[in-house]
Peer 1: 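Take this structure, written in structure tokens, and hold onto it; I'll ask about it next.
Just so it is clear: chains get the letters A, B, ... in the order the sequence lines come, proteins before strands, and each one is counted from 1.
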Protein chains: 2
Amino acid sequence: MNKPTVHDIAKEAGVSLATVDRVLNARPGVREKTIAKVNAAVERLGYVRDTYAANLARQRQYRFVFVLPEGPSQFTETLRAALQEAYASQIADRVVLRTVSVPANDPHAIVRALRALDTDRLDGVAIMAPETPQVRDAIARLKEAGLAGVAVATDLPNSKRDYFIGINNLSAGRTAGLLMGRFAGGQGEVLVVTNSMRSRDSLERRLGFDEVMKSDFPAMTVLPSIETYDDPARMASVIADVVENRPGVVGLYSMGLGNAPLLDALREAGRAGDLVVIAHELTPKTREALQRNELAAVITQNVGHLVRSALRVLRAFCDEQSIFEAQERIRIEIVLRENLY
Amino acid sequence: MNKPTVHDIAKEAGVSLATVDRVLNARPGVREKTIAKVNAAVERLGYVRDTYAANLARQRQYRFVFVLPEGPSQFTETLRAALQEAYASQIADRVVLRTVSVPANDPHAIVRALRALDTDRLDGVAIMAPETPQVRDAIARLKEAGLAGVAVATDLPNSKRDYFIGINNLSAGRTAGLLMGRFAGGQGEVLVVTNSMRSRDSLERRLGFDEVMKSDFPAMTVLPSIETYDDPARMASVIADVVENRPGVVGLYSMGLGNAPLLDALREAGRAGDLVVIAHELTPKTREALQRNELAAVITQNVGHLVRSALRVLRAFCDEQSIFEAQERIRIEIVLRENLY
DNA sequence: GGGTAAATGAGGAACGTACCTCATGTCTAG
DNA sequence: CTAGACATGAGGTACGTTCCTCATTTACCC
């Protein structure tokens with residue numbers, strides 16, 4: 001009736017505990033035939049290893065590092081907070097966590113940080129960074145050393161990461177497009193801003209946004225992306241320009257970081273609550289703007305989920321366990337004033 | 001450096017292991033003063049009990065029952081599937097699970113089922129059922145027997161449930177209202193249908209919906225709720241009536257179950273994809289309808305999250321552990337064609 | 001100050017697994 | 001046929017906790 005243990009397997013297979021142990025842990029010195037016998041018994045009884053007991057016996061530690069962009073972005077701050085919170089909870093059982101901050105847009109510094117990781121004292125790495133060839137190589141090194149590696153929020157599709165935890169940005173852009181079209185009534189011009197189009201995330205979002213606008217709202221015009229390079233002054237002048245010279249603009253899609261300056265500029269220009277503004281990432285600022293009707297919608301991913309997922313997936317890879325996909329899928333969430341929770 | 005164990009506590013407090021154990025497990029025969037000494041040591045070292053080791057030693061089993069409505073609703077089927085899936089995973093570690101089906105709208109049968117539960121062989125119950133005074137009493141009995149009890153999807157606010165896992169239906173209705181208003185352009189009439197207004201969920205959703213329509217879209221008219229009593233023929237006639245006699249109707253809000261018949265009726269009447277239709281709960285049917293542009297939006301709660309959350313919360317109550325609120329909050333999700341995942 | 005009850009200590013077994021050693025059994029090549 | 005390699009068994013210890021027993025100490029009351 002109860003869950004079978006290694007002892008049951010031993011009995012069932014007609015071998016000793018030691019042999020069962022050797023088979024289950026893939027230790028050498030067992031004949032093929034015996035291995036088969038044990039595996040058959042495992043099958044028959046439906047044995048599943050008690051991971052917690054195993055971890056206890058093995059004194060398992062999961063030594064993880066999170067490599068996150070430094071700097072005063074609301075998104076990364078939320079992420080760090082979520083990480084702290086998760087670390088204090090059950091999920092981080094037997095996890096020893098460290099975070100490393102890297103300048104977001106300095107590939108060299110990122111590579112340096114990745115190289116500096118002591119692979120002998122580490123079991124897994126979660127990385128949020130833009131992908132460059134050097135970064136790719138640095139990740140390859142980590143993988144060669146046998147570490148688990150996941151990409152968080154920003155994918156590293158060409159690197160040997162084990163898993164990507166985050167949303168599909170093409171779909172996110174498409175979702176923004178659909179919302180924009182429907183909210184704006186299918187007419188007028190739409191401004192698209194981002195801090196930098198060099199980021200893969202922005203590129204993909206823009207692509208998805210345009211696809212939907214073109215196919216579903218052909219009467220709308222999407223203006224070229226405007227880059228603000230994290231410069232509030234630039235943002236202010238962009239918005240001012242729209243107010244003065246672009247009466248046809250009905251919507252604004254902010255694809256990247258830097259929503260705080262955007263919202264400030266809109267308020268300054270007196271257009272807050274007037275345009276249909278759609279932005280990414282739920283933070284204290286965007287949350288407040290939703291409440292004040294200054295943002296029509298925020299497209300986001302649940303950051304708590306993101307970090308918990310990263311921890312679970314890293315552990316699963318360390319233990320060579322399978323991943324419960326449904327649980328790890330990060331959803332593209334649409335947040336309006338009314339479902340802010 | 002490492003996590004402190006009971007042995008460390010014993011040393012630190014200058015008492016024996018046995019005494020530490022007595023204190024930690026609230027067993028009698030320890031002086032107040034000694035208890036204080038031990039607790040101080042726990043504080044000082046930041047000791048946290050290793051739940052998994054404890055469960056191992058204690059041979060802990062979590063015996064849970066899920067009481068779910070029977071019948072061929074897509075929502076409950078999805079729920080059952082999610083439960084199966086969760087049961088097979090890590091989350092259900094040491095959990096022995098049983099489900100009990102009850103007729104959704106027969107309070108007597110529900111009470112009978114709750115009474116039939118053997119409280120001696122059970123640690124927790126998750127219930128999805130409409131609240132009636134008898135149900136409330138039956139739950140009180142379970143609580144008295146020391147079981148953990150959570151309400152799932154439908155709250156039992158007046159019962160002694162330990163926790164409610166699900167969305168706030170007032171907010172869900174408000175979210176629907178905001179979407180409806182913006183999607184429909186703030187003009188025209190809106191039809192509201194549900195299988196039954198006797199359900200608290202429908203009432204609350206309607207309330208929220210009306211609030212937002214009134215305050216944010218005063219130019220729109222919301223028609224009285226139409227109840228279909230799970231009768232496809234009735235649904236068909238309602239829709240046919242709209243097509244023929246209500247040219248001003250631009251939107252349709254389906255608050256309850258029974259989306260399949262609604263969608264069929266719309267197709268029949270040739271109005272699918274024409275009205276702004278907003279429904280609840282993501283199921284295979286609603287998913288397909290989103291893809292075909294027959295539904296503008298679906299407001300839903302993640303069912304996988306729902307059952308995993310229920311399991312975690314039940315466990316936490318059994319162990320008298322605190323709950324990681326952020327993780328257990330069920331979000332009101334808005335699903336459009338583009339973020340179906 | 002002695003008796004008694006309560007408080008505490010010391011130690012061990014168990015949970016399911018990992019990992020170790022040492023002894024014994026079995027096969028195979030020369 | 002036998003040495004040596006390989007396969008297997010038997011048994012122990014450990015992980016952090018629970019829960020048990022039994023002995024010893026302490027505190028308190030008359």
Peer 1: I want to check something: taking the side chain as every heavy atom from C-beta on, are B:Glu281 and B:Gln74 in contact at a cut-off of under 4.5 Å?
Peer 2: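 Not in contact.
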Peer 1: Where does the chain B footprint on DNA chain D start and end, counting 5' to 3' with a 4.0 Å heavy-atom cut-off?
Peer 2: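 Contact span on the strand: D:dG16 to D:dA27.
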Peer 1: Relative to B:Phe324, does A:Arg308 satisfy both conditions: NZ or CZ under 6.0 angstrom from the six-membered ring centre, and within 45 degrees of the ring's axis?
Peer 2: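 Yes; both conditions hold, so A:Arg308 lies above the ring face of B:Phe324.
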Peer 1: Reckon A:Asn55 touches a base, only the sugar-phosphate, or nothing at all at heavy-atom distances under 4.0 Å?
Peer 2: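 Answer is nothing: A:Asn55 stays at 4.0 Å or more from every strand.
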Peer 1: Can you see whether B:Tyr62 has B:Arg60 sitting over its ring - NZ or CZ less than 6.0 Å from the centre and within 45° of the normal?
Peer 2: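 Yes, a cation-pi geometry holds between B:Arg60 and B:Tyr62.
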Peer 1: Nearest whole angstrom, please: distance from the P of C:dG16 to the CG of A:Leu24.
Peer 2: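 It works out to 15 Å between those atoms.
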Peer 1: Has B:Arg94 got its NZ or CZ under 6.0 Å from the middle of the six-membered ring of B:Tyr52, at an angle within 45 degrees of the ring axis?
Peer 2: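 No, B:Arg94 and B:Tyr52 do not form such a contact.
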Peer 1: Sort out for me which residue in B:Ile35, B:Thr34, B:Ile9, B:Leu24 forms a side-chain contact (heavy atoms from CB on, under 4.5 Å) with B:Thr19.
Peer 2: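 Of the listed options, the one satisfying the test is B:Thr34.
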Peer 1: Provide the full list of salt bridge (charged side-chain N to carboxylate O under 4.0 Å, His left out) pairs with a residue in residues 144-167 of chain B, sequence neighbours left out, each pair given once.
Peer 2: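 Checked against salt bridge (charged side-chain N to carboxylate O under 4.0 Å, His left out) - neighbours excluded - the pairs reaching residues 144-167 of chain B are B:Lys143-B:Asp162, B:Asp155-B:Arg161.
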Peer 1: Can you check each nucleotide of nucleotides 4-15 of chain C against protein heavy atoms at under 4.0 Å and return B for base, S for sugar-phosphate only, - for none, in 5' to 3' order?
Peer 2: ---SBBB----B
Peer 1: Regarding A:Glu333 and B:Arg331, does a basic nitrogen lie under 4.0 Å from an acidic carboxylate oxygen?
Peer 2: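 A salt bridge links A:Glu333 with B:Arg331.
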Peer 1: May I ask you to decide whether A:Glu131 forms a salt bridge with A:Arg136, counting only side-chain N to carboxylate O separations under 4.0 Å?
Peer 2: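 Answer for the salt bridge query: no.
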Peer 1: For A:Asp50, answer base if it contacts any base atom (sugar-phosphate contacts may also be present), sugar-phosphate if it contacts only those atoms, and nothing otherwise; contact means non-hydrogen atoms under 4.0 Å.
Peer 2: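 The answer is sugar-phosphate, as A:Asp50 gets under 4.0 Å only of primed atoms, P, OP1 or OP2.
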Peer 1: Please confirm whether the shortest side-chain N or O distance from A:Tyr52 to OP1 or OP2 of C:dA18 is below 4.0 Å.
Peer 2: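 Checking C:dA18 against A:Tyr52, no side-chain N or O comes under 4.0 Å of OP1 or OP2.
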